[in-house]
Amino acid sequence: MEVNEALVEKLSRLSALSFTKEEKMHIQDDLQKMILFVEKLNELNTDGVEPQLHITDAENVFRDDIAGKMISNEAALENAPNPMPPYFTATKAIQKPVPEN
Amino acid sequence: MFTFVSIQDYHLQLVHGRQTCVQAVTHYIREIQLQNHLNAFIETFKDEALARASELDAEIKEGKPLRKLHGVVIGIKDNICYKDHFISAGSNILRHFKSLYSATVIERILAEGAIIIGRQNCDEFAMGNRNENPVYGPVKNQLDNTRISGGSSGGSAVAVQASLCMASLGSDTGGSVRQPADHCGVIGFKPSYGMISRHGLIAYASSFDQIGIIANNIDDIEKIFHILSGEDGFDSTVLPNVRTDSAIETKPVKSTSKIAWLPETLHHTSLDPEIKTGLKNTLESLQKEGHLVEAVPFPLIDFIVPAYYILTTAEASSNLSRYDGVRYGYRKAMQTSDLFDFYAKNRSEGFGWEVKKRIMLGTFVLSAGYFDQYFKKAQQVRKLIIQLSEKIFQQYDFILLPTVPQVPDRIGTSGESSTSGYLSDIYTVFANLAGIPAISLPIYKHTSGMVFGIQAMSSQKNDIPLLRFSETLLKKH
């Protein structure tokens, strides 16, 4: 599997990460090495083997549906960067459409 | 002068008035300061630890019975939440984060009278085996300050090695408790998956992560393990109805065991010859003592680390998506009007390189078009590994193998972009892939002046028999 610029671009987008031009070359190289490393698994025949989804035999471990350990709105904002109580903030995601002339 | 041998001994000193909890905490605070160059602790909780110690001393004076971990001074890895205390997972992205709640393990040890002395340096998000943390600096091995501690629970291992606390809580996703414990000459125990609640442990790879214990003797590990383990309404992966209490002692301890060793682990090219000889010597002496010791083929040896990296990075890419700079964590000034750009800037400046690398690989193996070829394939390999493990444990009680292939490296000698460092996890990741308990026992001295040990594993849920067996192994060496 060859890692190219387009793949790095796609994965950065999916990972919500951005890289400088220099870092892009670096991450492309690192990814290539890591993928080569894990491709070792192709040497093993796994035809008909069920994928392992859970690590224990425990099933349906439920508790009573009673709320506990509540966190107040105030506490929830303690670690928030630039909060506007009672809200978190993020950059403006919806832009006003530019009026067409 | 305060000295610590074991919890049992310390408790005797406390009840006879020969030591106090305040003396213990004062001693450890001074030691942490004196050995500050080791960089094991990121922060100590000096004042509150002292205040708690005097409350615990007062309880003794009032004649109240000792709690199970009364006055036991414990350090915690910087990825276990402690209410109203900073926690960063060794990362810039959480540098100023204060936990709003305590992990289940923290609540349990506090309820039994433990004193938490501080939080310990680790690899960023527990990803790594060197503990050369770019934010807080490297942790130094006390035996040789130019060498690494190992990781990711490096600070936790060195803290026990250098007697900066009585025991540490770390976390083990692929060997992060056992490998640094081995490098530091202390005991590192990773319980079966599902024995200890992960609620409040900052997630790296949820189907692998397990909180582990680092200490100087098996009895202390067993005491702490018993307090930590058991069902928790906040973690549905904890196994119900598994007993870890001391009453299990009533079951007769087998005088001889069936022990498997895996020739492929000893023939591996990366293994140091002295470590190989050490394990061979242990196996020979066990055989002489009447244990059944047999070689069992382990043909999957070369596939375990690649399978581990596919599955853990996939889980990490999902777990770490929560760090977006909105509700908490590092935020770059909001100069962008593009939401993706906002997230990407926060994350790219907040995470270190190793973390970003693993997020990218994890995203790749989960992405459309590659999922079956990589992720599903690794899940199938995990199934084969578990089947092999179950097959071995149908016939044998324990598996013995090295913990690490090499003694600790010099600080600053890793090529950060290579995958060569990943292979040093070769002996430890098996237990996390199979969900079985594993322990690293310090036994041997190396001619380099360093130490190394051996690793023992048992089948899932057989943690207590593993600890009992470990005790006999340590006593004989």
Proximal component of Leu44(A), with respect to chain B [non-hydrogen, under 4.5 Å]: both
Within the 6.0 Å centroid threshold, strictly below: His26(A) and Phe19(A): no
Is it the backbone or the side chain of Asp338(B) that comes under 4.5 Å from a heavy atom of chain A, or both, or neither? backbone
Thr313(B) side chain near Ile359(B) side chain, heavy-atom distance below 4.5 Å: no
Residue Ile66(A) versus chain B: region with a heavy atom under 4.5 Å: neither
Could you tell me whether Phe86(B) and Phe97(B) have their ring centroids closer than 6.0 angstrom? no
Top contributor to chain A contacts, counting heavy-atom pairs under 4.5 Å, from Tyr343(B), Phe351(B), Phe234(B): Phe234(B)
Top residue by heavy-atom pair count (under 4.5 Å) with chain B, among Asp64(A), Ile27(A), Leu14(A)? Ile27(A)
Please state whether the side chain, the backbone, both or neither of Lys40(A) comes within less than 4.5 Å of a heavy atom of chain B. both
Scored by heavy-atom pairs under 4.5 Å with chain B, the best of Met1(A), His54(A), Lys92(A) is Met1(A)
Pick one of side chain, backbone, both or neither for Phe364(B), based on which atoms fall under 4.5 Å of a heavy atom in chain A. both
Salt-bridge criterion met for Glu50(A) and Lys383(B) (N-O under 4.0 Å): no
Any pair counted as salt bridge (Lys or Arg N to Asp or Glu O under 4.0 Å), so long as it reaches residues 67-90 of chain A, sequence neighbours left out: Lys69(A)-Glu107(B)
For chain A, which of Glu231(B), Lys377(B), Lys356(B), Gln373(B) has the most heavy-atom pairs under 4.5 Å? Lys377(B)
Is it the side chain or the backbone of Leu361(B) that comes within 4.5 Å of chain A heavy atoms, both, or neither? both
Please evaluate residues Asp57(A) and Lys461(B) with respect to the criterion salt bridge (charged side-chain N to carboxylate O under 4.0 Å, His left out), reporting the C-alpha separation (whole Å), side-chain torsions for both, the decisive distance (0.1 Å), and the verdict. CA-CA 11 Å; Asp57(A) 50 13; Lys461(B) 303 181 199 173; 3.4 Å; yes
For Phe208(B), is it the side chain, the backbone, both or neither that has a heavy atom under 4.5 Å from a heavy atom of chain A? neither
If I measure from the heavy atoms of chain A, does Ser102(B) come under 4.5 Å with its side chain, its backbone, both, or neither? backbone
For chain A, which of Leu433(B), Leu320(B), Val238(B), Leu100(B) has the most heavy-atom pairs under 4.5 Å? Leu100(B)
Heavy-atom pairs under 4.5 Å with chain B, option from Leu77(A), Leu31(A), Leu7(A) with the top count: Leu31(A)
Side-chain ion pair, Arg358(B) and Glu354(B), N-O less than 4.0 Å: yes
Less than 6.0 Å separating the ring centroids of Tyr204(B) and Phe125(B)? no
When you measure from the centre of the six-membered ring of Phe340(B), is the NZ or CZ of Arg13(A) under 6.0 Å away and within 45° of the axis? yes
Looking at Asn60(A), Leu53(A), Val38(A), which has the largest count of heavy-atom pairs under 4.5 Å with chain B? Val38(A)
Tell me, for Ser337(B) versus chain A, whether the close heavy atoms (under 4.5 Å) come from the side chain, the backbone, both or neither. both
Can you tell which part of Leu300(B) gets under 4.5 Å to a heavy atom of chain A, answering side chain, backbone, both or neither? side chain
